[in-house]
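Each remark here refers to the structure printed beneath this line.
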2 protein chains.
Amino acid sequence: MLELAILGLLHESPMHGYELRKRLLSLLGAIRAAFSYGSLYPTLKRMRQRGLIAEEAPGTPGAEKPLLTGRRARKVYRLTPEGKEHFAQLMSEAGPETADEALFGVHFAFFSRTDPATRLRILEARRRRVEERRERIREALARTAERLDSYGFELQRYGLETAEREVRWLNELIASEQGRNPGQNDFGDRLADPGRPTRSATEDEDSSEPDKGGMRDG
Amino acid sequence: MLELAILGLLHESPMHGYELRKRLLSLLGAIRAAFSYGSLYPTLKRMRQRGLIAEEAPGTPGAEKPLLTGRRARKVYRLTPEGKEHFAQLMSEAGPETADEALFGVHFAFFSRTDPATRLRILEARRRRVEERRERIREALARTAERLDSYGFELQRYGLETAEREVRWLNELIASEQGRNPGQNDFGDRLADPGRPTRSATEDEDSSEPDKGGMRDG
DNA sequence: CCGCAGATGTATCGGTCCGATACATCGAAT
DNA sequence: ATTCGATGTATCGGACCGATACATCTGCGG
């Protein structure tokens, strides 16, 4: 999960842990809690040992005090070919695991790097999951409504409404996906460009992204 | 967290693990994933060792094959006085920890066992937390909107809307709490409406009526 | 000039929780 | 008969989190 997110982010450019965490926060913070350093650093270590990422070598190994603007030692990680392949493989999975709230969110955040068929299957798997949850709440409500105090009732009601809202959202997304030309990917052009010399994303101002509003039809 | 939920449920009646899990699912399943047995049984063991719960003694220690309807050995747990006290102490805490999504949900589910002042503080702590989250999303959106592809944008938009919706919900709950007589608790026991059993918004919405005078008051 | 708060940066530790798995009994359907 | 699903207890490895530690750089007020 965290692994997938790291691989996805390192697709943009090499980064060190602290920066990864900030990007993670701004990318996923809207839907889930940010990963903590207590998971991030051990995961980076593990991924490095597995060869999915590699430490960027500093210029001169002797007396490597000044990194960038005179900062202290930082470990900058970059994606290896194995990591790239592993990411593609993880992203192409569309089983029931991808319906989990957290994993779905990460997948969705990198949807532009997935083919349309996989996107659709993931969205439908998630919808199935939320629909089941919705039905379970309805049953529980019907079964135990008279036993609930007003707070318990309010919790059920709000949870049911939340599930219904997410199903509507997924329906719109699925409709939007199906509205596209099923053979084409009108988002893929920006990611199918392997030769882009990605600068560091710290103060980057590259706004060559005219496409928008594919699903903002309603 | 799980501990708090177990203590709360055992307030109703003694239960064994399997039953606890089912009750947990129907009580909290509307807002969070159910606890798994992988957490439940170790937690029960730990709580028993700490004296918060105790195993219900079977009728006759000799030849105790038939429990209830001839089933196999089950461990029925009941609340000890220490457990009752610990529950009250946990429920009276209203610090920032209680603003966490999961812990807030459990607290809320047992709100009828908390005094109104604590309820109010917990609701306000949660609202503060969600407002901060909402502001972080807004900033991230303003800062990185032009860098986002349509999926990233949609994720931010949906997350922002989710946060705004929860703040509205909390505002209603807080207003409802403040509308009560601050010294009394008119929800103490049961107050289920015997009339219509909770029709939820299946297909209708957009009523946009701001009346909604709090939670089902009589 | 000093100090000190706050951002940057890496890392570990203990603990909670989850998913998978194992094992066993029972009632009902096939 | 036997397979299937619900009931029931339990453990294990792994993922993640919160707290903590430690160190450097920057800017701010005194």
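Hydrogens, waters and symmetry mates play no part in the numbers below; they use all other heavy atoms, side chains included. In what follows, chains are A, B, ... by sequence order, proteins preceding strands, each numbered from 1.
- Regarding Y41(B), its OH atom lies at a distance of 16 Å from the P atom of dC17(C), rounded to whole Å.
- In terms of phosphate contacts, K22(B) brings no side-chain nitrogen or oxygen within less than 4.0 Å of OP1 or OP2 of dA6(D).
- Using a 4.0 Å heavy-atom distance criterion, R21(B) is classed as making no nucleic acid contact.
- When rounded to the nearest whole Å, the span between CE of M15(B) and P of dG8(D) equals 13 Å.
- Atom CD of E3(A) and atom P of dC16(D) are 9 Å apart (whole Å).
- Considering only side-chain N and O atoms, K45(A) lies nowhere under 4.0 angstrom from the phosphate OP1 or OP2 of dT10(C).
- Among the atoms of the strands shown, only primed sugar atoms or phosphate atoms (P, OP1, OP2) are found under 4.0 Å from some heavy atom of A34(A).
- The side chain of R32(A) contributes an N or O atom lying less than 4.0 Å from OP1 or OP2 of dC17(D).
- No hydrogens or angles considered: a donor-acceptor pair under 3.5 Å links the side chains of H86(B) and E3(B).
- Contact annotation for G17(A): backbone-only contact, meaning every heavy-atom pair under 4.0 Å involves sugar-phosphate atoms and none involves a base.
- G159(A) approaches I31(B) most closely through the heavy-atom pair CA-CG2, 4.5 Å.
- Between S36(B) and the phosphate of dC17(C), there is no side-chain N or O to OP1/OP2 separation shorter than 4.0 Å.
- When rounded to the nearest whole Å, the span between CZ of F35(B) and P of dA20(C) equals 18 Å.
- When all heavy atoms are compared, the tightest approach of L155(B) to L27(A) is CD2-O, 4.0 Å.
- Of the candidates dC16(D), dT8(C), dT9(D), dT8(C) carries the atom nearest the Y18(A) side chain, counting heavy atoms from C-beta on.
- E154(B) places a side-chain heavy atom less than 4.5 Å from the side chain of F108(A).
- Between Y37(A) and L2(A), the residue whose closest nucleotide on DNA chain D is further toward the 5' end is L2(A).
- Protein atom CD of E55(A) is 15 Å distant from nucleotide atom P of dG9(C), rounded to whole Å.
- Heavy-atom distances to DNA chain C give each of D100(A) and R46(B) a nearest nucleotide, and the one nearer the 5′ end belongs to R46(B).
- Residues F87(B) and H11(B) place their aromatic rings such that the two centres sit under 6.0 Å apart.
- Rounded to an integer number of Å, the gap from R23(A) CZ to dT8(C) C1' is 17 Å.
- Atoms CE (M1(B)) and P (dT16(C)) sit 12 Å apart, rounded to a whole Å.
- In this entry the distance linking CG of L44(B) with C1' of dG8(D) reads 13 Å, nearest Å.
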